[in-house]
J.: 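Handing you a structure now.
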Amino acid sequence: MLELRPILSALWRHKISALLIALQLGLTLAIVSNALVVIDERTERISRPTGVAVEDINTFGYLAIPKDYDKFEAFRLDLDMIRALPGVASATISNHVPLSGSGSSSGFYTEPNMEVGATAANFYTVDEHFIEALGMNLVAGRGFSPEEIMQVGATSSERPTVAVVTQRLADEMFPQGNALGNAIFRGGDDHPIEIVGIVERNLGPWPNSPIAGRGVFYPAIMDQWFTYIVRAEPGQRDAVLKLVEEKLAERDPNRVINSDTLEEQKDQYYAGDNTMVKVLTAVVILLTFIVALGVVGLTVFWITQRQKQIGVRRALGATRTAISRYFLLENLIIATTGILLGFAAAQIFNGFLVSEFNQPALPLTVTLACALALLGVSLAAALLPALRAANISPATATRSV
Amino acid sequence: MLKMHNIRKSYRTDTIETHALRDFSLEVNEGEFVSVTGPSGSGKTTFLNIAGLLETPTGGQYLLDGEDVSSLNDNQRSRLRNEKIGFIFQGFNLIPDLNLFDNIDVPLRYRGFNAKERKKRIEKVLEQVGLSARARHLPAQLSGGQQQRVAIARALAGEPRFLLADEPTGNLDSLMARQVMELLEFINEWGTTIVMVTHDPDLARRAHRNIQVVDGQVSDLQRTAAPTAVEIA
Ligand SMILES: Nc1ncnc2c1ncn2[C@@H]1O[C@H](COP(=O)(O)OP(=O)(O)OP(=O)(O)O)[C@@H](O)[C@H]1O
Ligand SMILES: [Mg+2]
């Protein structure tokens with residue numbers, strides 16, 4: 001039989017300590033539920049599809065020492081050599097590496113000579129191997145042929161006539177779905193660039209920026225900006241990294257080579273998000289632990305304080321179950337109060353985070369799930385002391401002073 | 001009503017074993033008012049605790065209302081305490097956080113009575129002990145004598161057959177002690193069997209029968225006397 005009313009009136013006489021624990025639970029709920037949506041958003045951000053074969057790709061750049069170095073010739077020799085190496089699936093040369101945090105962007109229009117209302121997008125210069133080398137998925141049209149690849153020197157003013165774009169850019173610039181075969185223009189320009197192919201996805205060099213996912217690939221090689229992008233056969237990445245490094249140095253020792261895995265570059269790009277996830281996860285665990293400790297502490301304290309009373313209740317006919325139930329019910333009342341307060345606080349706190357810090361909105365279901373979990377934690381924390389309270393002997397009523 | 005035969009109770013601590021009761025035999029009849037006296041540490045509280053099912057004896061036989069209680073489990077013992085036995089303690093043992101009404105309500109809730117029945121009983125016993133007007137007061141707002149009367153009301157509310165009191169007047173001045181004693185006598189006249197431990201020889205004499213406990217045993221003098229003989233005060 002429930003004894004809510006007497007528990008409530010007894011609690012009322014200890015309202016300060018009860019309220020403190022309730023507030024602690026409420027605050028934990030408010031913080032934990034908000035932390036969880038941020039964790040969830042960041043985790044999702046980190047793990048969303050990039051459109052490229054992150055696990056298999058290495059990138060290589062170099063600094064040539066001699067002044068009159070023929071870079072275009074070096075590119076050809078390097079790439080021919082790399083493509084022939086064991087474990088190499090494909091290789092291309094590009095001005096920038098996706099997910100690396102360094103890239104180029106530009107505004108594009110569907111009409112010539114426009115100045116405002118551009119669609120901003122990342123752009124890459126690549127050779128004809130780029131789709132395979134990046135591990136992308138061509139969903140419409142074609143890639144580039146070797147004859148289309150232009151060599152763009154520092155003073156060159158030649159402009160590409162064709163491009164491959166990402167599905168997202170195609171959809172946004174041509175909502176009717178007629179991107180393929182249509183032309184795009186760079187700002188203030190009347191030079192048409194025909195879209196000849198569409199790849200499924202490429203997040204671009206800045207996955208957290210608003211232009212992430214909008215990409216334009218030109219058939220070109222630039223001697224100013226270049227990186228070799230080498231995709232290894234599955235599982236061969238690390239071996240290929242070493243091998244290519246060695247062979248590049250061997251072919252031309254007069255240069256400083258820098259190399260990296262794409263995975264490492266992606267991790268670096270997401271380092272802030274990863275830290276945020278780790279810190280918030282620690283906060284969630286710590287707060288939950290502290291609140292559980294608080295509940296254990298208060299329950300143990302109250303049981304110790306009420307030893308005599310427990311003995312008296314036992315003498316008056318309370319079963320062990322009735323004693324444990326009393327303390328669990330008491331805990332439930334406190335926890336429910338705190339969680340109701342916390343529920344409101346969570347929404348208010350979230351409103352603040354959304355408006356001031358551009359954080360994701362907190363869905364009611366998440367708060368509800370957290371509330372239930374916290375209720376469970378609170379009950380679990382009270383369970384052991386409550387069970388031990390039932391072992392207090394009824395003789396305590398006559399024995400202790 | 002109560003029949004103990006060769007009850008033994010020993011407490012074992014790390015170093016010593018205390019024989020609180022040894023071959024303790026006693027019979028108390030329905031409707032009797034028995035006082036229990038004896039030196040400190042002689043085993044009076046131990047006897048009362050065993051009689052009231054607060055503790056289990058180490059050996060011997062105990063029949064309560066003809067029922068051998070040694071084989072009962074904890075829940076059954078709790079229920080028997082709740083239904084048949086009323087307790088009055090030296091320190092009153094009211095629950096400080098609950099008002100008088102809720103204090104008396106405690107055993108009634110364990111009994112499983114509905115709210116209406118409980119209210120009726122609480123009001124009745126509060127009336128009997130003359131504290132109806134104080135139902136919403138907290139124990140701390142009452143004098144010792146009043147608190148003990150509430151404790152008696154709490155013990156009576158379940159209409160127990162058997163009332164056990166461990167020095168119920170021990171913490172009271174003589175005027176209040178006399179009032180409590182009169183209340184107990186009144187209750188006894190209405191048919192409740194009472195066993196009362198007391199240090200006060202005057203109060204002990206007012207019972208039907210006085211049991212002297214010495215060294216964990218009923219003293220020889222009384223053992224020879226016929227335990228069934230009810231001496232009307
Ligand atoms: N839990 C216990 N553990 C160990 N010894 C105990 C325990 N309870 C009681 N005793 C011992 O048992 C003996 C009888 O104790 P009991 O409380 O029954 O005496 P009493 O007659 O009620 O004394 P008083 O008049 O002082 O209340 C004492 O020697 C006491 O120290
Ligand atoms: Mg005693």
Side-chain angles (χ1 to χ4, degrees), chain A residues 1-19 298-299 301-331 333-334 386-401, chain B residues 11 44-46 48-50 52-56 73-99 101-115 118 136 138 140 151 154-155 157-158 160 164-167 171 197:
Chain A
M1 195 193 55
L2 295 184
E3 35 189 343
L4 273 180
R5 202 189 49 77
I7 292 181
L8 276 174
S9 43
L11 261 182
W12 189 246
R13 319 232 166 265
H14 301 271
K15 47 183 172 295
I16 299 297
S17 27
L19 202 66
L298 188 73
T299 314
F301 174 68
W302 275 355
I303 286 168
T304 314
Q305 228 188 14
R306 291 187 242 170
Q307 274 203 28
K308 180 99 177 195
Q309 175 185 145
I310 294 167
V312 172
R313 286 177 179 274
R314 292 280 281 136
L316 295 176
T319 56
R320 284 164 191 267
T321 320
I323 297 296
S324 299
R325 197 179 45 210
Y326 181 97
F327 286 99
L328 289 178
L329 216 56
E330 187 176 74
N331 175 269
I333 292 169
I334 296 173
L387 287 178
R388 283 188 39 203
N391 286 336
I392 291 173
S393 161
T396 311
T398 51
R399 288 293 184 197
S400 57
V401 189
Chain B
Y11 296 103
K44 305 180 295 296
T45 298
T46 308
L48 220 54
N49 280 357
I50 289 170
L53 306 178
L54 301 184
E55 287 180 74
T56 49
N73 67 25
D74 193 81
N75 279 351
Q76 291 166 322
R77 293 161 64 83
S78 298
R79 206 170 124 188
L80 219 55
R81 280 200 294 273
N82 185 251
E83 288 177 1
K84 291 199 173 163
I85 301 168
F87 281 100
I88 304 165
F89 311 93
Q90 176 174 358
F92 323 134
N93 283 353
L94 296 174
I95 293 171
D97 299 330
L98 299 178
N99 64 31
F101 187 97
D102 288 338
N103 257 288
I104 299 172
D105 200 18
V106 169
L108 302 181
R109 280 177 182 266
Y110 294 137
R111 187 77 157 265
F113 288 138
N114 64 36
R118 298 200 316 263
R136 302 292 158 191
L138 289 175
R154 182 175 66 182
L164 299 175
D166 195 354
E167 298 185 40
N171 285 9
V197 170

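Residue numbers start from 1 in every chain, and the chains themselves are labelled A, B, ... in the order their sequence lines are given, proteins ahead of strands.
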J.: Between B/Asn171 and B/Gln90, is any side-chain donor less than 3.5 angstrom from a side-chain acceptor?
T.: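 Judged by distance alone, the side chains do pair up.
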J.: Does any backbone or side-chain atom of A/Ser9 lie under 4.5 Å from a heavy atom of chain B? Answer side chain, backbone, both or neither.
T.: both
J.: Looking at B/Asp74, B/Thr46, B/Thr45, which makes the most heavy-atom pairs under 4.5 Å with chain A?
T.: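 Max contact count across the listed options: B/Asp74.
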J.: Shorter than 4.5 Å, heavy atoms on both sides: which option in B/Asp97, B/Asn82, B/Leu80, B/Leu48 has the most such pairs with chain A?
T.: B/Asp97
J.: Between A/Thr398 and B/Asp166, does any side-chain donor sit less than 3.5 Å from a side-chain acceptor?
T.: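 There is no such pair between these side chains.
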J.: Enumerate the salt bridge (Lys or Arg N to Asp or Glu O under 4.0 Å) contacts for residues 78-91 of chain B, please, sequence neighbours excluded, ordered by first and then second residue.
T.: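 Residue pairs passing salt bridge (Lys or Arg N to Asp or Glu O under 4.0 Å), neighbours aside: B/Asp65-B/Lys84, B/Arg79-B/Glu83.
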J.: Report, by ascending residue number, the residues of residues 310-320 of chain A in heavy-atom contact with chain B at a distance under 4.5 Å; give 'none' if the set is empty.
T.: A/Val312, A/Arg313, A/Arg314, A/Ala315, A/Leu316, A/Gly317, A/Ala318, A/Thr319, A/Arg320
J.: Run the side-chain contact (heavy atoms from CB on, under 4.5 Å) test on B/Glu55 and B/Tyr11 for me, step by step, so that the C-alpha distance in whole Å, both residues' side-chain angles and the decisive distance to 0.1 Å come before the verdict.
T.: CA-CA 11 Å; B/Glu55 287 180 74; B/Tyr11 296 103; 2.6 Å; yes
J.: Give a yes or no answer on whether the side chain of B/Asn99 reaches the backbone of B/Asp102 with a donor-acceptor pair at less than 3.5 Å.
T.: yes
J.: What distance do A/Arg399 atom CZ and B/Phe89 atom CZ have between them, rounded to the nearest 0.5 Å?
T.: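 Taking CZ in A/Arg399 and CZ in B/Phe89, the distance rounds to 12.5 Å.
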J.: Rounded to the nearest 0.5 Å, what separation is found between the CG atom of B/Leu94 and the CZ atom of B/Arg154?
T.: 5.0 Å
